[in-house]
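I have placed the structure first, in the form of structure tokens, so that the comments after it can refer back to it.
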Amino acid sequence: MKRRKEGEKACGKGEERRREGRRKRRNKERKMSERIASCGSLYDSTNLLLQYCNNDDTVSASSNMDMEDRVSQLEQRLQLQEDEIQLLKAALADALRRLGCCEEQNSGTQPGGVNAAGRRSLAATAPAPTKKVRQLLQTLPSRPLSNGYPQQKRLLSSPSSPKKEVLQSIKRKSMSTERLTLLRREMGADSRSRTTSSSSSSCGKSKSKECSFNAEDGYVRMFLRGRPVTMHIPDEQKEGYSLDQKVAVPDRKLKLQWVYGYRGRDCRSNLYLLPTGEIVYFNASVVVLYNTEEQQQRHYLGHNDDVKCLSVHPDMVTIATGQVAGNSKDGKLLAPHVRVWDSVSLNTLHVLGMGVFDRAVTCVAFSKSNGGTFLCAVDDANDHILSVWNWQKEKQLAEVKCSNDSVFAAVFHPMDTNLIVTCGKSHINFWTVEGNTLTKRQGLFEKHEKPKYVLCVAFAENGDAITGDSSGNIYVWAKGGSRISQVVSGAHEGGIFSLCVLKDGMLVSGGGKDRRVVLWDHGYSKQTEMEVGESFGPVRALAEGKQGELFIGTTKNAIIRAAFPDTLTPIVQGHTDELWGLDIHPSMEQFVTCGQDRQVHLWDTHSHQPLWSKTIEDPGRSAGFHPSGTVVVVGTMTARWLVLDTDTRDLVSMHTDGNEIISNVKYSPDGNFLAVASHDNFVYIYAVTENGRKYSRVGKCTGHSSFVTHLDWSADSQYLVTNSGDYEILFWEASSGKHVTTMDTVRNLKWATSTCTLSFNTFGIWPDGADGTDINAVCRSHDSSLLASADDFGKVHLFSSPCSQPRAPSHMYGGHSSHVTNVAFLHDDSYLISTGGKDTSILQWAVV
């Protein structure tokens, strides 16, 4: 009896100790939350959280608590800690982004201006805390994701494993020394590996072999592909002119401020939401981080050609992007590779696969269940090689021939580190990673319809793989197997391009032909749907947003913010085919573009949205505003040109000249004439009346022996100068179209614009060995101090104006991934707009 009483007493004390332990844990968690909430320093908050993660276990080993209870409580603690870590990482990343914005603002660099005097930048006053917080952010442990979101349940093998796992995770992520070493190495090789920096080419001290100066007759002669190009010097510049004179690069520079458009026409799984509230996607060679609430963009500019794929690490900070092969200006091959970078600092952390990948990297993905240690990639070789990497060590672990046909997706299973799923033309494969080998199991369709293409794959909460195919069916593949366990037949009419599993386990599918976005419950029963408008095109990518929102990427290069049942708001729009036509509104912060996609857009540079869009019958090639801004003329690829009302976008008039491309259209400064340049070698002159609403032809400029490429008006609207495809420079009398051959008549004319690539004031933009087609466009700022050029190598150059010395030095900027087709300064010179050809992008640069 005595022993039983002692046992009851001991049990009572054990229960009391357990209650006391639970009470202490609750108090500790409450104090932790209060301390983090009241902490004024991000550094202190992070230190506090890390100390909390390392605290000794408060559950007494001497207690008689059941093992299952202990494990359950430890799981809850670990879940709480991981949630806090994830939220704190998001807050830190957002704070660092805001600090970066403050640094820029406080540095005093405003568009169109220079640094404000007497103002100290935030970077100068407090660099250490920002750097320390950024390093601490990298050391925080990451948590595994399931289809992009944190797993809700985790099983632990032992009661001591939670603390051990957290410590191992911290140790695994504590790479600050290695990363700082890499950053120093990258900064040392900055000019070779990054396109964010400006570069300058020095001006030669001796006379150029390709240029000669005739002081007696007052002209400079250069040679393009062996053809002489003669440019006459104005009288006021003849005295003291020398080819050996040095020219300085301009004091002002360009900074990429906005990227219009999104690459959805031929890329997949390239739209994600980060914890900072930014959506991440890419266009041309730029990866864009767009905060839709604050209407701000940041840009990763580490790539030197088209970005083709993107993946977000489980830590939701590190990002991997893969690019295509390209060619540099000097003809050297730019190898396809994967860049792993920090989305907070925008610094490159690792570069993978230089010399390994072939043609392009089309798929990339981080592993999820092991904290994102591995990365898989698929290239565009004939055999579409699948490779697995330890990305932190930049070491390839395994590779295998994936398929002779197209591969559309390659992803790690969220619960199995050693399982990769790929899909593409007529296949879905399950790959097991074993050491340095990859073993394939083909998915078996058995009695079910085998699709021509398996287009996308996602994972349910329970680990089942879900695929969408070209036949509009959704197949569910049981976890751990390669057989179909459930079918949703005819989920869409036509292909299913994207699947997204939401945080609550619901599934969203995006259709191609039917443009529908459908919500499915846990049993794959349809709940609701909405349809994307035809003007935006089929669904290409889906990403879950905040509070029931979705982000939808489309094949017409648009991104839409959506919510069921029928809320659809476009937030990103762009062209879908080669883009050449560009002009600036004469008095407002607007510009117009037209492309071969038959779209004409009038853009607002503040909202970065089109004020209106109009579909025309023919592919567009050129555009020009009337000086009043009330109408805009659009030249097409079919010899027709249209006049549109800028307020209503209504067609005012339509005309046809010749039967070839209208390469250039430009009104005279007084608005009384319109010059229409054609690839039929002629320039047609029209008299303009009724404020741009009535046109009558008054002349035809005949004399070029090749197609007309560029033209400028004299400031008095009396004369024209034109360039042609065979490097001719000809002058014309506007009222009659008569060819002016007396140079004394035009030598001293003031020109309203400088868009001719061949002229005395612009010939310094041509590099050594240029073949005459390397530069597509040039534009002078309205204050006549700057000259911007667009070249065939994806670069925008900024020169001092006039640019009258051979091979003048310049600032050079990357961002476009194909030939840059056009450039234009806004009416107040605050921004420069550049357009891409095959990359269909529009970049807006702040002049700082």
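Sparse packing is recorded around CZ of R225, with 12 or fewer heavy atoms of other residues, nucleotides or ligands lying under 6.0 Å away. More than 12 heavy atoms of other residues, nucleotides or ligands shown are found within 6.0 angstrom of CG on D771.
In this model, a donor atom of one side chain and an acceptor atom of the other lie less than 3.5 Å apart for D618 and T638. Y260 and Q844 share a side-chain donor-acceptor pair at under 3.5 Å. At a cut-off of 3.5 Å, with distance as the only test, no side-chain donor of S834 or Y813 sits close to an acceptor on the other residue. Judged by distance alone, the side chains of Y684 and D657 never bring a donor and an acceptor atom under 3.5 Å apart. Between the side chains of Q323 and D306, not a single donor N or O lies within less than 3.5 Å of an accepting N or O. Looking at S810 and H797, their side chains do bring a donor and an acceptor atom within 3.5 Å of each other. Using modelled atom types, one finds a donor on one side chain and an acceptor on the other under 3.5 Å when comparing K666 with T755.
Looking at every heavy atom in both residues, F731 comes nearest to H739 through O-CD2, 3.1 Å. Residues N776 and V820 approach most closely at ND2-O, 2.9 Å, considering heavy atoms. Contact record, K308 with D266: NZ-OD2, 3.9 Å, taken as the closest heavy-atom pair.
Considering only heavy atoms from C-beta on, I842 comes within 4.5 Å of H575 through its side chain. Put simply, the side chain of S754 reaches to within 4.5 Å of the side chain of T762, judged on heavy atoms. Residues I775 and P767 are in side-chain contact: their nearest non-hydrogen atoms beyond the backbone lie under 4.5 Å apart. Between P336 and V324, the closest side-chain pair of non-hydrogen atoms is not below 4.5 Å. Put simply, the side chain of T605 does not reach to within 4.5 Å of the side chain of Q590, judged on heavy atoms. Looking at T722 and W732, their side chains come closer than 4.5 Å, going by heavy atoms from C-beta outward. The shortest side-chain heavy-atom distance between K238 and H232 does not fall under the 4.5 Å cut-off. At least one side-chain heavy atom of V721 sits under 4.5 Å from a side-chain heavy atom of W751.
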Working for side chain to side chain donor-acceptor pair (under 3.5 Å), residues W580 and S622: CA-CA 6 Å; W580 282 84; S622 54; over 6 Å; no
Test side chain to side chain donor-acceptor pair (under 3.5 Å) applied to Q245 and S242, step by step: CA-CA 5 Å; Q245 186 176 352; S242 168; over 6 Å; no
From CA spacing to verdict: side chain to side chain donor-acceptor pair (under 3.5 Å), S785, R780: CA-CA 8 Å; S785 65; R780 186 185 67 201; over 6 Å; no
Verdict with supporting geometry, D829 and H782, side chain to side chain donor-acceptor pair (under 3.5 Å): CA-CA 6 Å; D829 294 334; H782 293 82; 3.0 Å; yes
From CA spacing to verdict: side-chain contact (heavy atoms from CB on, under 4.5 Å), Q805, F763: CA-CA 7 Å; Q805 304 298 135; F763 82 90; 5.8 Å; no
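With respect to the salt-bridge test (charged N to carboxylate O, under 4.0 angstrom), the residues R807 and D768 qualify.
Under the 30°/60° scheme for interplanar angles, the aromatic rings of W641 and Y686 are found to stand perpendicular.
When the ring-ring contact (aromatic ring centres under 6.0 Å, His included) test is applied to W713, no partner is found at least two apart in sequence or on another chain. Judged as a side-chain contact (heavy atoms from CB on, under 4.5 Å), and not counting sequence neighbours, the contacts of N723 are T709, H710, I729, C756, T757, L758. Not a single ring-ring contact (aromatic ring centres under 6.0 Å, His included) links F825 to another residue, sequence neighbours left out.
Under the side chain to side chain contact (heavy atoms under 4.5 Å, CB included) rule, T840 has a single partner from E578, Q596, R265, R263, which is R265.
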